[in-house]
Amino acid sequence: MQAVSGLNSKRTAIRPGFNQVEKIRITAAEFGEMWKLPLSKSYEALKDATNELYERSIIEIDGKHIKKMRWVSGVEYHDGEGWASLSFSSHVTPYLCRIVADY
């Protein structure tokens with residue numbers, strides 16, 4: 001949720017074929033504050049969360065048609081620096097931007 005709130009719906013186009021990737025930066029301190037974790041635990045928890053999100057996908061089944069999409073196209077964890085960045089995939093970014101814009 002924290003990463004989704006980092007999307008800028010005005011800067012990120014909402015159109016089919018969208019290919020530009022916006023990197024979202026999350027610090028361990030921000031992550032720990034959101035999840036009520038001590039800073040000493042936040043660094044590892046952020047790393048685990050970005051890795052888990054990278055492995056997640058969305059599966060859409062419509063009869064015989066099956067579509068699989070990854071939530072993120074990439075994650076980076078900056079070991080020893082206390083922050084990570086991720087980029088949502090071009091398939092889900094337009095939907096996420098609509099959520100942010102409506103919120």
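Nothing here was measured: the structure is a model prediction, and the numbers come from that model.
Using a 4.5 Å cut-off on side-chain heavy atoms (C-beta onward), L53 and V75 make no contact.
Atom OG1 of T50 sits about 10.5 Å away from atom CD of E55, to the nearest 0.5 Å. One finds the OG atom of S87 at 15.0 Å from the CH2 atom of W71 (value rounded to the nearest 0.5 Å). Considering CD of E44 and CG of L37, their distance stands at 12.0 Å, rounded to 0.5 Å. Within the model, atoms NZ of K23 and CD of E76 stand 3.5 Å from one another, a figure rounded to the nearest 0.5 Å. Summarising the geometry, atom CD1 belonging to I66 is positioned 11.0 Å from atom CD belonging to E60; distances are rounded to the nearest 0.5 Å. The NZ atom of K47 lies 4.5 Å from the CG atom of D79; values are rounded to the nearest 0.5 Å.
Between G32 and S42, the shortest heavy-atom distance links the atoms CA-OG, 3.1 Å.
In this structure, the side chain of Y77 engages the main chain of Y43 through a donor-acceptor pair within 3.5 Å. Side chain of S89 to main chain of R70: a donor-acceptor pair is present (N/O by atom type, distance under 3.5 Å, no hydrogens or angles).
Hydrophobic clustering, with ILVMFWY side chains joined whenever heavy atoms are under 4.5 angstrom apart, keeps I26 apart from W83.
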Evaluation steps, side chain to side chain contact (heavy atoms under 4.5 Å, CB included), between S85 and H78: CA-CA 8 Å; S85 61; H78 300 267; 4.0 Å; yes

